[in-house]
Amino acid sequence: MRNFSIAIHGGAGTLVKGMMTSELEAQYKSALKEALDAGYSVLKNGGTSVDAVEKAVIVLEDSHLFNAGKGAVFTADETHEMDASIMDGKTLNAGAVSLISGIKNPISLSKDVMEKSEHVFLAGEGAMEFAKLNNYAIEDASYFYDEFRHQQWTEIKDTDSFQLDHAKKKDSKFGTVGAVACDKNGNIAAATSTGGMTNKKFGRVGDSPMIGAGNYANNETCAVSCTGSGEYFIRGVVAYDVACLIEHKEMPLADAAVEVISNRVLKLGGDGGLIAVNAKGEIAMPFNTEGMYRACKSSTGVQEVSIYK
Ligand code: ASP
């Protein structure tokens with residue numbers, strides 16, 4: 001039997017030990033573990049990597065702790081606009097949605113775009129129309145209300161500034177979520193979901209729903225899900241850049257992932273991290289910030305749930 005594995009993240013940023021209470025830290029770790037186990041059991045039971053990454057991301061979207069789904073941050077208009085994407089490394093099929101609201105699990109909508117439409121990327125009103133056609137319930141704004149999130153927004157609402165969850169200027173305890181997995185058949189997949197940045201406006205979209213920037217999967221190279229300052233990750237075409245280093249420079253997965261995060265993205269001025277797997281089930285989880293909510297598990301016995309460096 002081939003190795004199978006999964007890695008997940010819940011955002012990277014100013015995560016320094018001692019910054020949060022031990023109760024909150026325990027809550028984060030247990031949410032990460034729950035998502036990890038949900039994805040891993042799909043793989044263990046012979047399921048596909050696409051289903052495993054969706055499952056893991058759904059658990060993270062359903063938690064108020066992370067900036068995705070239920071925990072999505074507030075826009076300048078005091079609403080929520082979410083982005084998500086998913087990619088199947090076997091077929092190179094992909095689906096993405098952006099600027100959607102009221103959808104409990106944006107990752108499932110992006111999977112439906114991949115599987116039930118002839119398109120890759122649907123945005124705004126059109127994406128919402130597609131969701132309604134596919135019988136998605138539209139949740140009330142109260143489902144997404146979170147006191148801490150609202151406080152984050154209130155602090156900057158009448159300014160022109162926006163706030164990345166992991167920005168250096170503030171303590172950050174939340175973030176975009178993602179999962180990458182390799183199944184028993186050596187097929188890999190990546191999924192990413194986010195609420196973007198607090199107080200965002202003008203229809204701002206980050207890297208998370210952009211195939212190649214925040215999310216990418218190809219059996220020949222790797223599956224990658226990113227978190228960080230989206231504008232830099234878009235310009236660095238980060239997820240695809242990791243795949244390019246593997247394909248064209250024949251770099252091992254771990255080296256390629258570190259080169260992109262600790263060298264190329266940093267040179268651009270971006271901060272954040274990524275998780276990656278390849279078809280051998282190898283895992284990499286580099287970040288250039290103080291911490292990254294992350295976890296991984298593989299059939300070879302590797303298991304980790306961590307926050308800090
Ligand atoms: N990359 C995301 C964005 O720019 C934010 C994050 O990773 O938390 O929208």
Side-chain angles (χ1 to χ4, degrees), residues 7-15 28 32 57 60-61 63-76 79-85 96-101 106-107 110 121 123 146 148-149 152-153 161-180 190-216 224-242 260-261 265 268-276 285-294 307:
I8 62 169
H9 72 77
T14 321
L15 298 164
Y28 274 107
L32 288 169
V57 167
L60 298 169
E61 285 178 337
S63 162
H64 72 282
L65 294 171
F66 305 99
N67 175 18
K70 188 168 178 52
V73 296
F74 282 91
T75 67
T79 58
H80 298 93
E81 281 175 354
M82 299 170 288
D83 310 323
S85 64
V97 290
S98 77
L99 303 171
I100 58 163
S101 48
I107 200 63
S110 71
F121 202 157
D146 180 80
F148 178 83
R149 291 281 180 230
Q152 276 184 318
W153 173 73
S161 64
F162 42 80
Q163 176 76 52
L164 268 168
D165 249 357
H166 37 64
K168 287 210 172 78
K169 48 188 168 178
K170 276 204 155 286
D171 282 353
S172 83
K173 299 175 181 161
F174 304 87
T176 290
V177 307
V180 291
T192 308
S193 180
T194 189
M197 28 168 51
T198 298
N199 212 34
K200 64 183 179 177
K201 54 186 173 186
F202 309 130
R204 182 267 181 189
V205 177
D207 59 315
S208 309
M210 294 188 191
I211 300 303
N215 200 64
Y216 185 71
V224 178
S225 169
C226 301
T227 177
S229 39
E231 279 65 13
Y232 296 93
F233 279 65
I234 293 170
R235 287 155 55 198
V237 202
V238 166
Y240 187 62
D241 203 22
V242 177
V260 171
I261 287 300
V265 174
L268 274 177
D271 58 346
L274 61 80
I275 50 171
M285 305 194 289
F287 51 94
N288 64 27
T289 48
E290 284 84 350
M292 178 165 84
Y293 295 110
R294 62 197 186 280
I307 301 176

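Numbering of ligands and ligand atoms starts at 1, following listing order. The shown structure was predicted, so the numbers you read here are calculated from the model rather than taken from an experiment.
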Distance-only N or O hit between ligand 1 and [X], under 3.5 Å:
X: Thr227; result: yes
X: Gly230; result: yes
X: Gly206; result: no

Next on the checklist: Please find the pair of heavy atoms, one from Asn215 and one from Ser85, that lie closest to each other, and give the distance.
Outcome noted: CB-OG, 3.2 Å

I'd like to check which ligand 1 atoms, numbered from 1 as shown, lie under 4.0 Å from a non-hydrogen atom of [X].
X: Ser208; value: 1 (N), 2 (C)
X: Arg204; value: 3 (C), 4 (O), 9 (O)
X: Gly196; value: 9 (O)

Checklist entry - Nearest non-hydrogen atom to atom 6 (C) of ligand 1 belongs to which of Asp83, Val73, Thr176? => result Thr176

Checklist entry - Between the candidates Asp207, Val205, Thr194, Asn67, which shows the shortest non-hydrogen contact distance to atom 3 (C) of ligand 1? => result Asp207

Item to check | Short side-chain donor-acceptor distance under 3.5 Å, Glu81 and Thr75 | outcome: no

Checklist entry - What do the steps show when you test Asp271 against Ser229 for side chain to side chain donor-acceptor pair (under 3.5 Å), and what is the final call? => result CA-CA 6 Å; Asp271 58 346; Ser229 39; 3.2 Å; yes

Checklist entry - Considering the options Ser98, Ser193, Ser101, which one meets the side chain to side chain contact (heavy atoms under 4.5 Å, CB included) requirement together with Pro106? => result Ser193

Item to check | Aromatic plane relationship, Phe66 with Tyr28 - under 30° parallel, 30 to 60° tilted, over 60° perpendicular | outcome: perpendicular

Next on the checklist: Ser225: which residues meet the side chain to side chain donor-acceptor pair (under 3.5 Å) condition with it, sequence neighbours left out?
Outcome noted: His9, Thr192

